[in-house]
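First the structure, in the form of structure tokens, and then the observations on it.
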Amino acid sequence: MTKKRIAAISALVLIGLLYLSALILAFIDSPTARSCLMAAMFSTVVVPAAVYGYLVLFGRKGEDEPGKNQEEEELL
């Protein structure tokens with residue numbers, strides 16, 4: 001599997017667990033549960049953004065632009 005696929009699958013699993021924990025914590029009435037609920041909701045936004053940033057920064061490393069080699073060959 002590629003790094004992109006592994007990152008996407010792990011992000012989906014993590015987001016699913018965050019949604020599940022947010023749902024469970026929403027029904028528990030305690031100060032600790034409330035702060036954990038806020039942390040889970042915050043992480044629901046931050047994790048996808050972090051994975052997207054990872055894919056943008058490291059996803060194209062070492063790859064050429066599509067069509068670039070064809071243009072160079074036509075010029076030669």
Side-chain angles (χ1 to χ4, degrees):
M1 284 209 273
T2 63
K3 289 181 183 181
K4 286 183 180 182
R5 188 172 295 221
I6 292 171
I9 291 171
S10 61
L12 286 175
V13 169
L14 186 59
I15 291 170
L17 291 174
L18 286 170
Y19 283 146
L20 182 64
S21 66
L23 181 67
I24 292 169
L25 289 169
F27 293 110
I28 298 173
D29 189 27
S30 73
T32 306
R34 184 164 296 181
S35 62
C36 289
L37 174 63
M38 292 298 132
M41 292 174 67
F42 175 76
S43 297
T44 301
V45 173
V46 171
V47 168
V51 170
Y52 177 74
Y54 169 78
L55 292 176
V56 167
L57 289 176
F58 300 109
R60 295 186 181 248
K61 188 175 184 180
E63 294 180 8
D64 291 331
E65 294 178 12
K68 185 176 182 181
N69 291 335
Q70 293 174 354
E71 292 174 3
E72 288 176 359
E73 290 177 5
E74 289 175 3
L75 293 175
L76 297 174

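Rounding to the nearest 0.5 Å places CG of Leu14 at 8.5 Å from OG1 of Thr44. Put simply, CG on Leu18 and CG on Leu23 are 12.5 Å apart, with the number rounded to the nearest 0.5 Å.
Under the 4.5 Å side-chain heavy-atom criterion for grouping Ile, Leu, Val, Met, Phe, Trp and Tyr, Phe42 is not connected to Tyr19 through any hydrophobic cluster. Val46 and Leu17 fall into different hydrophobic clusters, where Ile, Leu, Val, Met, Phe, Trp and Tyr side chains are chained together by heavy-atom contacts under 4.5 Å. Cluster membership for Ile28 and Met41, using ILVMFWY side-chain heavy atoms within less than 4.5 angstrom, is shared.
In terms of heavy-atom proximity, Ser43 sits nearest to Pro48 at O-CD, 4.1 Å.
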